[in-house]
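Because the structure is a prediction, the values reported are computed rather than measured. Naming: A, B, ... by sequence-line order, numbering from 1 per chain.
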Protein chains: 2
Amino acid sequence: MTRLVKGQQNKEVLIEREPIDIESFKKMIRQMGLKVTKQRVHILEAMSSGRAHITAQELFEKLNKNHPEIGFATVYRFLKNMTEHSLVTEVRMGGFPARYELTPNQHHDHLNCTQCGKIVEFENESIEELQLAVAKKFNFKLTGHVLELYGQCDQCNSKGSDT
Amino acid sequence: MTRLVKGQQNKEVLIEREPIDIESFKKMIRQMGLKVTKQRVHILEAMSSGRAHITAQELFEKLNKNHPEIGFATVYRFLKNMTEHSLVTEVRMGGFPARYELTPNQHHDHLNCTQCGKIVEFENESIEELQLAVAKKFNFKLTGHVLELYGQCDQCNSKGSDT
DNA sequence: TTCTAAATGATAATGATTTTCATTGACATT
DNA sequence: AATGTCAATGAAAATCATTATCATTTAGAA
Ligand SMILES: [Mn+2]
Ligand SMILES: [Mn+2]
Ligand SMILES: [Zn+2]
Ligand SMILES: [Zn+2]
């Protein structure tokens with residue numbers, strides 16, 4: 001069933017990203033060995049503007065306004081394609097629906113406010129190195145990691161507690 | 001619906017845990033402000049032997065052998081209770097079903113083999129400190145974190161690649 | 001032992017994501 | 001530009017993990 005929900009408008013603190021034009025989008029799609037369809041281009045356009053970390057559902061709703069002909073199966077399918085090709089990064093916070101972002105050049109991890117949903121991207125080379133050291137210690141070949149920090153942002157802290 | 005699946009029997013490298021007796025289990029349940037029922041004690045018994053990181057489904061199947069009267073709603077419910085009281089820790093690996101473990105005294109994170117499912121528990125004080133530093137830098141009050149490392153264990157590496 | 005709220009288990013419901021399948025469309029080739 | 005073919009699409013159903021409902025049972029206080 002298709003459910004339309006008002007998504008909350010949360011702030012993000014992002015690392016720098018370079019803007020991408022439509023031609024680049026088409027190039028990306030071809031690089032994946034897929035056909036260039038208007039829905040795929042629209043999905044990439046939608047992902048490159050607005051909230052960087054978006055759920056499949058939110059993305060579908062956003063697209064739905066200007067392109068009601070795009071089905072959410074297509075959104076899910078293409079997100080999966082792009083994730084497999086590392087053009088999109090899937091971010092999972094606890095048991096919540098996955099959020100997706102166009103993979104930026106610079107690797108980063110996330111700091112999340114559990115109160116208001118604010119997402120801060122950060123990069124810490126020392127942590128990355130220590131992770132490698134841990135893997136090495138246990139004779140693992142490290143292929144990936146998930147580092148998510150949870151807490152309260154300063155706004156939420158100052159605004160008192162609860163609810 | 002109740003589905004019975006053969007769970008794979010994967011190895012784990014665990015930090016030390018002290019054994020817990022039935023009386024302690026009952027104490028734990030009372031501490032949560034809950035009634036001591038045989039199903040709850042059985043669930044705790046099942047969790048304290050065998051694979052430390054177990055899914056709700058696996059736990060249900062394990063219990064089902066000797067205690068077919070326990071419903072899986074009870075398993076889920078009690079796992080949730082215990083998670084809320086921090087007696088159990090929920091571990092989420094990617095989009096897979098959550099795994100649960102009796103919370104040990106020592107905090108730790110996980111190193112997972114994506115090939116065979118081996119789980120290694122580790123603890124790295126430096127990483128913990130750096131996480132605090134990151135949170136501080138962005139004026140967050142850190143309340144929790146998820147750190148999961150993914151890779152191939154040495155056995156899987158030596159056994160060649162693929163499938 | 002009695003009483004009552006909490007706990008249980010069978011089952012239905014939910015929410016996210018995936019699959020199915022009939023139809024459409026991209027694009028390589030005439 | 002017209003054709004053919006296989007990938008892509010969208011609507012809908014299916015799946016999977018998890019949670020809620022509700023009639024019945026039971027722990028444990030009185
Ligand atoms: Mn990000
Ligand atoms: Mn563990
Ligand atoms: Zn906040
Ligand atoms: Zn392995």
(request) Grab the CD-P distance between B/Glu90 and D/dT19 for me, whole Å please. (result) 8 Å
(message) Quick check on C/dT8: is either OP1 or OP2 less than 4.0 Å from any side-chain nitrogen or oxygen of B/Lys35?
(response) no
(message) How many whole angstroms separate atom CE of A/Met82 from atom C1' of C/dT17?
(response) 16 Å
(message) Within the 4.0 Å heavy-atom criterion, would you say B/Arg40 contacts the bases, only the backbone, or no part of the nucleic acid?
(response) sugar-phosphate
(request) Return the value, rounded to whole Å, for the distance between atom CE of B/Met32 and atom P of C/dA7. (result) 10 Å
(request) Check whether any side-chain nitrogen or oxygen of B/Thr37 sits under 4.0 Å from OP1 or OP2 of C/dT8, and answer yes or no. (result) yes
(request) Give the rounded distance in Å between these two atoms: CZ of A/Phe60 and C1' of D/dT9. (result) 13 Å
(request) Determine whether B/Cys116 and B/Cys153 make a side-chain contact, defined as any pair of heavy atoms from C-beta on separated by less than 4.5 Å. (result) yes
(message) Does C/dA7 have its OP1 or OP2 closer than 4.0 Å to a side-chain nitrogen or oxygen of B/Gln39?
(response) no
(message) Less than 4.0 angstrom between a side-chain N/O of B/Tyr76 and OP1 or OP2 of D/dT19, yes or no?
(response) no
(message) Taking the side chain as everything from C-beta on, heavy atoms only, tell me whether A/Arg92 gets closer than 4.5 Å to B/Met93.
(response) no
(request) Compare side-chain N and O positions of A/Thr74 against OP1 and OP2 of D/dA8 and report whether any pair is under 4.0 Å apart. (result) no
(message) Just the rounded figure in Å: distance from P of D/dC16 to CD of B/Glu58.
(response) 15 Å
(request) Could you check whether the rings of A/His42 and A/His67 sit parallel, tilted or perpendicular, using 30° and 60° as the cut-offs? (result) parallel
(request) Ignoring the backbone of A/Ala73, work out which of D/dA8, C/dT19, C/dT11 is nearest its side chain. (result) C/dT19
(message) Side chains of A/His108 and A/Glu101 only: does a donor on one sit below 3.5 Å from an acceptor on the other?
(response) yes
(request) Check every atom of D/dA27, D/dT21, D/dT18 against the side chain of B/Lys38 and return the nucleotide holding the closest atom. (result) D/dA27
(message) Just by distance, no angles: are the side chains of B/Gln31 and B/His85 close enough, under 3.5 Å, to form a donor-acceptor pair?
(response) no
(request) Whole angstrom is fine here: how far is it from CD1 in A/Ile43 over to P in D/dG10? (result) 8 Å
(message) What is the separation between atom NE2 on B/His67 and atom C1' on C/dT8, rounded to the nearest whole Å?
(response) 16 Å
(message) For B/Arg30 and B/Pro97, find the nucleotide of DNA chain D closest to each by heavy atoms; which residue's nucleotide sits nearer the 5' end?
(response) B/Pro97
(message) What is the separation between atom CG on A/Leu34 and atom C1' on C/dC27, rounded to the nearest whole Å?
(response) 14 Å
